[in-house]
Protein chains: 2
Amino acid sequence: VLFLANIQPDVQRAVRAQCTGARFAALDSMNLWIEIARDSLVQTIATVDCLVLNDAELRQLTGKPGLLAAAREVLSWSPPGPGVIIAKQGEYGAAMITPDSYFSLPAFPLETVVDPTGAGDTFAGGFVGYIAAAGAEAIDEELLRRAMAYGTALASFNVEEFGTERVARLTGGEIAARVAELERVTHFSDAPIELRG
Amino acid sequence: VLFLANIQPDVQRAVRAQCTGARFAALDSMNLWIEIARDSLVQTIATVDCLVLNDAELRQLTGKPGLLAAAREVLSWSPPGPGVIIAKQGEYGAAMITPDSYFSLPAFPLETVVDPTGAGDTFAGGFVGYIAAAGAEAIDEELLRRAMAYGTALASFNVEEFGTERVARLTGGEIAARVAELERVTHFSDAPIELRG
């Protein structure tokens, strides 16, 4: 499992080429590379399974104003290329778009945010790390959704203190507790009532 | 069930005073009244069960930068006053905060948004309308969450065409289908794996 964190796309592609055995490769990037190295970035995106960007960058990359249309545009570039698009939405959470599905997850609710620096990177690292930790399990929609929940939980710890202070002393139990809480704060059950008309 | 849509807060309070039999009263407002009629608005908020604002307005009203802290601030004004705070988040959906709970729901994913005008009003109308339509059912957390899902589904139709064109020919079945879809796009199931450390 390979995560190409945000850096110059030529470098990402060179690393990707060395990791021929990766069963899942994800890539993060940023507005700078879309502006000054777009061709190389698009070429690099074609070599991974999953693209992680914030939603403004997805719009910038594709020229599509809507998140869903922007994600579908990148999906239309494949194959080859990513079948999974993750749109980071900062304090609003993240969304995942595949050719057959859409998933949206809010950020973990916090009373106080001390330092949002690195939240997106922590999310992406947690997301990819969960997939790696899941081992031989099939990388299907259900696993990817859970991976997003773990990334979201991890990011929430990251912003509670400066730098990596909080994450450095994090335990597996604390992460799991926030994932369970995320499940509660997003759950509703539909029980249709009689709607006239 | 009473919905005081956004208008000058003295007028809202006068209407509220006439509806002594309302078993649930909700109020929407806007940045203008926070700026030029704050005292009257705060006084009016104290007369309702539910405050609906967008999250920027909640921050403006309370001076708290975080959504959760802002909502808790308004909750601390009661009793009397609202026990339910709804934060509208535009394309990112909406959150509901009560003294004991937090709930977050994304917007319904759409390929194309034609006209976002009135989305927040449609959401609020759908939310309050669902509560009214549920009749004698207890207004508990579960009902409120479902009401948010119906408001969210309604708002998604509203933005697909200009004005009220789309909503005017909407059927109950179409609304229910989007609520069911919302349940699918927000659902994940936690199945913890062995996390080292």
Side-chain angles (χ1 to χ4, degrees), chain A residues 55 65-69 71-72 89-93 95-97 101-113 129-130 133-135 137 141-150 170-173 175-176 179-197, chain B residues 55 65-69 71-72 89-93 95-97 101-113 129-130 133-135 137 141-150 170-173 175-176 179-197:
Chain A
D55 55 1
L67 169 63
L68 201 53
R72 294 231 194 278
Q89 301 169 323
E91 64 174 311
Y92 297 111
M96 176 171 69
I97 302 99
S101 70
Y102 180 89
F103 175 58
S104 177
L105 191 68
F108 186 88
L110 292 172
E111 292 278 348
T112 311
V113 171
Y130 182 89
E137 221 178 303
E141 173 79 18
E142 219 182 319
L143 181 77
L144 291 167
R145 289 184 177 204
R146 274 205 294 278
M148 277 186 61
Y150 275 81
L170 204 50
T171 66
I175 301 167
V179 171
E181 177 68 12
L182 264 177
E183 217 180 342
R184 284 190 290 273
V185 304
T186 56
H187 183 266
F188 75 95
S189 63
D190 186 20
I193 54 168
E194 195 74 26
L195 292 173
R196 277 161 293 200
Chain B
D55 56 1
L67 168 63
L68 202 52
R72 293 230 193 282
Q89 301 171 322
E91 63 174 313
Y92 297 111
M96 176 171 69
I97 302 99
S101 70
Y102 179 89
F103 175 57
S104 178
L105 191 68
F108 186 88
L110 292 173
E111 292 278 348
T112 311
V113 171
Y130 182 89
E137 222 180 301
E141 173 79 18
E142 221 182 318
L143 180 78
L144 291 167
R145 289 184 177 205
R146 274 206 295 277
M148 278 187 61
Y150 276 81
L170 203 50
T171 66
I175 301 167
V179 170
E181 178 67 12
L182 264 177
E183 215 180 343
R184 283 190 290 274
V185 305
T186 57
H187 182 266
F188 74 95
S189 63
D190 187 20
I193 55 168
E194 195 72 28
L195 292 172
R196 277 163 294 200

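Since this is a predicted model, take the numbers as computed values, not measurements. Below, all heavy atoms of this structure are taken into account, side chains as well, without hydrogens, waters or symmetry copies. All chains are named by letter (A, B, ...) in the order of the sequence lines, taking the proteins before the strands, and each is independently numbered beginning at 1.
Contacts of B/E111 with chain A are made by both backbone and side-chain atoms, with heavy-atom separations under 4.5 Å. Of the atoms belonging to A/Y102, heavy atoms from both backbone and side chain fall under 4.5 Å from chain B. Only the backbone of B/R184 comes within contact range of chain A, judged by heavy atoms closer than 4.5 Å. Heavy atoms of A/E91 lying under 4.5 Å from chain B belong exclusively to its side chain. Of the atoms belonging to A/L182, heavy atoms from both backbone and side chain fall under 4.5 Å from chain B.
Using a 4.5 Å heavy-atom cutoff, the side chains of B/L68 and A/L110 are not in contact. A heavy-atom distance below 4.5 Å is not found between the side chains of A/F108 and A/V185.
The CD atom of A/Q89 sits 10.0 Å away from the CG atom of A/L105 when rounded to the nearest 0.5 Å.
A donor-acceptor contact shorter than 3.5 Å is absent between the side chain of A/R145 and the backbone of B/S189.
The candidate from A/D55, A/V113, A/T112 with the greatest count of non-hydrogen atom pairs under 4.5 Å with chain B is A/D55. Each of A/A149, A/S104, A/P106 has some count of heavy-atom pairs under 4.5 Å with chain B, and the biggest count is that of A/S104. The most heavy-atom pairs under 4.5 Å with chain A, out of B/G66, B/P109, B/A69, B/P65, come from B/P109. Among the candidates B/E183, B/R72, B/E141, B/M148, the residue making the largest number of heavy-atom pairs closer than 4.5 Å to chain A is B/E183.
The aromatic rings of B/F188 and A/F103 sit perpendicular, their planes meeting at an angle over 60°, well past the 30° parallel limit.
The two residues A/A180 and B/D190 make their nearest non-hydrogen contact at N-OD2, 4.2 Å.
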